[in-house]
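The structure under discussion appears below in the form of structure tokens.
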Amino acid sequence: FLGYDCPKANMKQRQTAAESAALKVYQKYWESYLGGDLEAFSSTIDDRLEMIGTSEGEVCHSKADGIAFYKAQMAEVVGKVEMRNSQITS
């Protein structure tokens, strides 16, 4: 029928759009993290960030904490770490 909105089709389109948006943020996060782009990295972090890493010093309870942690790690990461064989599927 012309003009009929199929709820199932619309739901799939919304899911596809949401997955595409999430993938863009994911890629921006890792590209900026590995490349040392603090501004772009910061734009991917939510204000309500909670991060618990593998050591006592790797705990962040806010966006500001996460940015400070990244700043402290940048010299150890940029140009020395790379992402390999990343495969993302839904």
Side-chain angles (χ1 to χ4, degrees):
F1 301 109
L2 215 48
Y4 174 72
D5 278 342
C6 178
K8 190 173 183 179
N10 287 336
M11 186 170 62
K12 181 64 176 167
Q13 289 172 340
R14 286 191 302 270
Q15 180 181 354
T16 301
E19 288 173 359
S20 178
L23 181 58
K24 285 179 184 180
V25 172
Y26 174 86
Q27 290 169 333
K28 183 177 182 179
Y29 172 89
W30 283 110
E31 287 171 6
S32 60
Y33 182 84
L34 298 174
D37 185 342
L38 183 60
E39 186 176 334
F41 174 78
S42 299
S43 74
T44 66
I45 303 294
D46 188 82
D47 292 332
R48 300 165 294 169
L49 172 73
E50 289 288 332
M51 181 192 91
I52 300 173
T54 57
S55 73
E56 195 173 308
E58 295 179 341
V59 177
C60 303
H61 297 291
S62 68
K63 181 175 183 169
D65 287 352
I67 292 168
F69 176 78
Y70 177 63
K71 283 181 181 179
Q73 301 296 314
M74 282 177 70
E76 296 176 32
V77 173
V78 177
K80 298 174 183 158
V81 177
E82 64 184 45
M83 180 81 72
R84 293 188 202 171
N85 303 323
S86 177
Q87 294 180 342
I88 301 171
T89 59
S90 61

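Here, residue 1 is the first one in the sequence, and each next residue gets the next number.
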From S62 atom OG to D47 atom CG, the distance as rounded to the nearest 0.5 Å | 9.0 Å

Interatomic spacing from NZ in K63 to CD1 in I45 - rounded to 0.5 Å | 7.5 Å

Side-chain heavy atoms nearer than 4.5 Å, only ILVMFWY residues, links allowed to pass through others: does that put [X] and [Y] together?
X	Y	result
V78	I67	yes
M51	V25	no
W30	V77	yes
F69	I52	no
V81	Y70	yes

Checking [X] side chain against [Y] main chain: does a donor-acceptor pair fall under 3.5 Å?
X	Y	value
T16	K12	yes
K28	T44	no
K24	E19	no
E58	T54	yes
S20	A17	no

Using a strict 4.0 Å threshold on nitrogen-to-oxygen distance, state whether E50 and R48 make a salt bridge.
-> no

According to the interplanar angle, ranging from 0 to 90°, do the rings of Y33 and Y29 count as parallel (below 30°), tilted (30 to 60°) or perpendicular (above 60°)?
-> parallel

